[in-house]
Amino acid sequence: MEKIGEKAASSPAGEEVLNALSKATLFVAGLDEEQVNNEVLYKVFETFGEIRNIDVPLEKNSNNHRGFGFVEFADVADAREALENMNGAELFGKTLTVNFARKTQASGRT
């Protein structure tokens, strides 16, 4: 199965699609390791619009997450609204830092 990013990169217009995807994905740091999981993060951010994907990466050895996650919205405007409203917000006693995710060369993640 072909991933969205792989298909998009194969055409000139594909770069625009990749840029739009990265602009619709938020990096969320400051997550409480014990109380926040994919479901909790989804519920917190779903009020801002349609979510395509939630990813809270887990540590290999402990199966605990690392205190950050990614929220991919279907629409860039929804991601922007979520960023403006949630950056600096408090969740389970911890202050969230929310930014647009940046693509890394090593993983290809946006």
Side-chain angles (χ1 to χ4, degrees):
M1 184 170 161
E2 201 171 37
K3 292 183 180 180
I4 293 172
E6 292 173 78
K7 185 173 185 176
S10 65
S11 69
E15 287 185 34
E16 291 178 31
V17 172
L18 284 176
N19 287 336
L21 285 174
S22 65
K23 290 178 183 172
T25 302
L26 299 178
F27 171 77
V28 183
L31 301 178
D32 183 275
E33 291 86 0
E34 295 179 8
Q35 298 184 65
V36 178
N37 56 27
N38 286 354
E39 184 179 341
V40 170
L41 198 58
Y42 183 90
K43 290 192 180 300
V44 168
F45 281 88
E46 73 178 333
T47 59
F48 299 103
E50 180 185 345
I51 294 175
R52 287 193 176 157
N53 189 40
I54 295 280
D55 183 22
V56 179
L58 300 178
E59 291 183 7
K60 294 177 186 175
N61 298 333
S62 68
N63 235 13
N64 295 327
H65 71 76
R66 299 162 42 191
F68 66 88
F70 298 90
V71 180
E72 180 186 346
F73 284 89
D75 183 47
V76 175
D78 293 340
R80 187 174 296 112
E81 182 182 355
L83 183 148
E84 291 170 358
N85 284 279
M86 295 303 294
N87 187 39
E90 192 172 294
L91 181 63
F92 295 112
K94 296 187 86 174
T95 302
L96 300 179
T97 301
V98 181
N99 292 301
F100 283 106
R102 289 185 236 145
K103 187 174 184 176
T104 62
Q105 290 181 344
S107 69
R109 172 183 300 260
T110 55

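For the pair His65 (side chain) and Asn38 (backbone), a donor-acceptor distance under 3.5 Å is absent. Side-chain N or O atoms of Asp55 include none that pairs as donor or acceptor with a backbone N or O of Gly69 at under 3.5 Å. Looking only at distances, a side-chain donor or acceptor of Asn87 sits under 3.5 Å from a matching main-chain atom of Val98.
Residues Ala79 and Leu26 come closest through the heavy atom pair O-CD1, 3.6 Å. The two residues Lys43 and Glu46 make their nearest non-hydrogen contact at O-CG, 3.6 Å.
Under the 6.0 Å cut-off for aromatic ring centres, Phe27 and Phe100 do not qualify, their centroids lying 6.0 Å or more apart.
No continuous path of hydrophobic side-chain contacts links Ile54 to Leu58 [ILVMFWY only; heavy atoms under 4.5 Å].
To the nearest 0.5 angstrom, Leu31 atom CG is 8.0 Å from Lys94 atom NZ. Separating the CZ atom in Phe45 from the CG atom in Asp78 is a distance of 12.5 Å, to the nearest 0.5 Å. Thr95 contributes atom OG1, which lies 11.0 Å from atom CE of Met86 (distance to the nearest 0.5 angstrom). Rounded to the nearest 0.5 Å, atoms OG1 (Thr97) and CG (Leu83) are 10.5 Å apart. Going from atom CD of Glu50 over to atom CZ of Phe73 covers 10.5 Å, rounded to the nearest 0.5 Å. Phe48 CZ to Asn85 CG: the interatomic distance, rounded to the nearest 0.5 Å, is 4.5 Å.
Between Phe68 and Phe70, the angle of the ring planes goes over 60°, which puts this pair in the perpendicular group of the 30/60° scheme.
Take Glu59 and apply the side chain to side chain donor-acceptor pair (under 3.5 Å) test, not counting sequence neighbours, and it matches Ser62.
Contact check for Leu91 versus Asp32: no side-chain heavy atoms found under the 4.5 Å cut-off.
Taking a 6.0 Å sphere around CD of Glu90, one finds it holds more than 12 heavy atoms contributed by other residues, nucleotides or ligands.
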